Participant: 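Structure provided below as structure tokens; questions to follow.
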Amino acid sequence: MQTPNESRQIDLAQKRERYIKDIALFAMGGDELCVEDKYQLFVTAHFGRSQQISAEHHCKHFRNVIDRKVLRSRQRLYKTLWLEQGADNSYNSIHSHWLFEAPKHIANGEFEALFKHLWFESCGSKNIVFKQIETQLGGVSGLINYCTKETIHGNYGTFI
């Protein structure tokens, strides 16, 4: 017989598995490309104090601006976003995790500089970390697992 706490943990684990499957389906959706061919960059970016309250709005604006600056057309870069509240739920702790397509027509350093500039303009922070997605370290699946780590505690954050 399971205790109520054990039952809750099993329920949360099952919800997390469904959540991960939904995210993976989203990341793969829309075309024939493998997720490893879509996403090459993992970016963690924080928000300035004044952007904390409407972080989702600022991310949507940023997403549109970066697509226009990089592609200059109605095309869009592949990207997936999680908004996460820091573990201590303190003020100024919301941050974003992005899986991002690296544009093929500009150098990675140039894209990172553009990203940082536009993020600062839209979201008010220079606290940004870029990492190449490495298959041997878990690839996209490992990062989806990482970005859903709080679900085991019932915190589903915001996935866009």
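All values derive from a computational prediction rather than experimental measurement.
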Participant: Any side-chain to backbone donor/acceptor pair from Ser122 onto His58? Under 3.5 Å, distance only.
Facilitator: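 No; judged by distance alone, with no hydrogens or angles, the pair does not exist.
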Participant: List the steps and the verdict of side-chain contact (heavy atoms from CB on, under 4.5 Å) for Asn108 and Phe130.
Facilitator: CA-CA 10 Å; Asn108 281 351; Phe130 286 85; over 6 Å; no
Participant: For Ile66 and Phe100: C-alpha separation, side-chain torsions, deciding distance, then whether side-chain contact (heavy atoms from CB on, under 4.5 Å) applies.
Facilitator: CA-CA 11 Å; Ile66 199 160; Phe100 232 98; 4.0 Å; yes
Participant: Side chains of Leu83 and Phe47: closer than 4.5 Å at any heavy-atom pair?
Facilitator: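 Yes, their side chains come closer than 4.5 Å.
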Participant: Just verifying a value: how many Å separate Glu56 CD and Ser96 OG, rounded to the nearest 0.5 Å?
Facilitator: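 Reported to 0.5 Å precision, the distance equals 12.0 Å.
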Participant: For Gln75, does the CD atom have more than 12 heavy-atom neighbours from other residues, nucleotides or ligands under 6.0 Å away?
Facilitator: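 Open.
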Participant: Would you name the heavy atoms of Gly48 and Ser125 that are closest together and state the gap between them?
Facilitator: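 Scanning both residues completely, I find the closest heavy atoms to be N-CB, 3.7 Å.
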Participant: Are Lys79 and Asp67 close enough that some pair of their side-chain heavy atoms sits under 4.5 Å apart?
Facilitator: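 They are in side-chain contact.
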Participant: Side chains of Trp119 and Val43: closer than 4.5 Å at any heavy-atom pair?
Facilitator: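 A side-chain contact is absent here, since even the closest heavy-atom pair is not under 4.5 Å.
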Participant: If hydrophobic clusters are built from ILVMFWY residues whose side chains come within less than 4.5 Å, do Val129 and Ile94 share one?
Facilitator: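 Different clusters: Val129 never reaches Ile94 through Ile, Leu, Val, Met, Phe, Trp or Tyr contacts under 4.5 Å.
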Participant: Please determine if Lys126 forms a cation-pi arrangement with Phe120, meaning its NZ or CZ atom is less than 6.0 Å from the six-membered ring centre and no more than 45° off the ring axis.
Facilitator: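 Pair Lys126/Phe120 counts as cation-pi.
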Participant: Would you kindly confirm whether Leu118 and Leu71 end up in one hydrophobic cluster when ILVMFWY residues are joined by side chain heavy atoms under 4.5 Å apart?
Facilitator: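 The answer is yes; both residues are in one hydrophobic cluster.
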Participant: I need the Gln51 CD to His46 NE2 distance, nearest 0.5 Å.
Facilitator: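 Going from CD on Gln51 over to NE2 on His46, the span is 14.0 Å.
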Participant: Mind checking whether Thr80 and His97 have side chains closer than 4.5 Å, heavy atoms only?
Facilitator: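 They are not in contact (no side-chain heavy atoms under 4.5 Å apart), so the answer is no.
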Participant: Rounded to the nearest 0.5 Å, what separation is found between the OG atom of Ser73 and the CZ atom of Arg68?
Facilitator: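 These two atoms lie 11.5 Å from each other.
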Participant: With rounding to the nearest 0.5 Å, note down the distance linking NE2 in His117 to CD in Glu121.
Facilitator: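 Atom-to-atom, His117:NE2 and Glu121:CD are 3.5 Å apart.
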Participant: Please tell me if the side chains of Leu77 and Phe111 come closer than 4.5 Å, counting only heavy atoms from C-beta onward.
Facilitator: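 In contact.
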Participant: Closest heavy-atom contact between Arg63 and Arg76?
Facilitator: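 Between these two residues, the closest heavy atoms are NE-NH1, 4.3 Å.
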Participant: Please find out if less than 6.0 Å separates the ring center of Trp98 from that of Tyr78.
Facilitator: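 Not close enough - the centres of the two rings lie 6.0 Å or further apart.
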Participant: Given Val70 and His105, is the side-chain contact (heavy atoms from CB on, under 4.5 Å) satisfied, shown in steps?
Facilitator: CA-CA 9 Å; Val70 171; His105 66 285; 3.7 Å; yes
Participant: Is there side-chain contact between His95 and Glu84, with at least one heavy-atom pair below 4.5 Å?
Facilitator: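 A side-chain contact exists here, since the closest heavy-atom pair is under 4.5 Å.
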Participant: Do the side chains of Gln40 and Ile133 get nearer than 4.5 Å, heavy atoms only?
Facilitator: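 A side-chain contact is absent here, since even the closest heavy-atom pair is not under 4.5 Å.
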Participant: Check whether any side-chain heavy atom of Leu114 sits under 4.5 Å from a side-chain heavy atom of Lys69, and report yes or no.
Facilitator: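 Yes, their side chains come closer than 4.5 Å.
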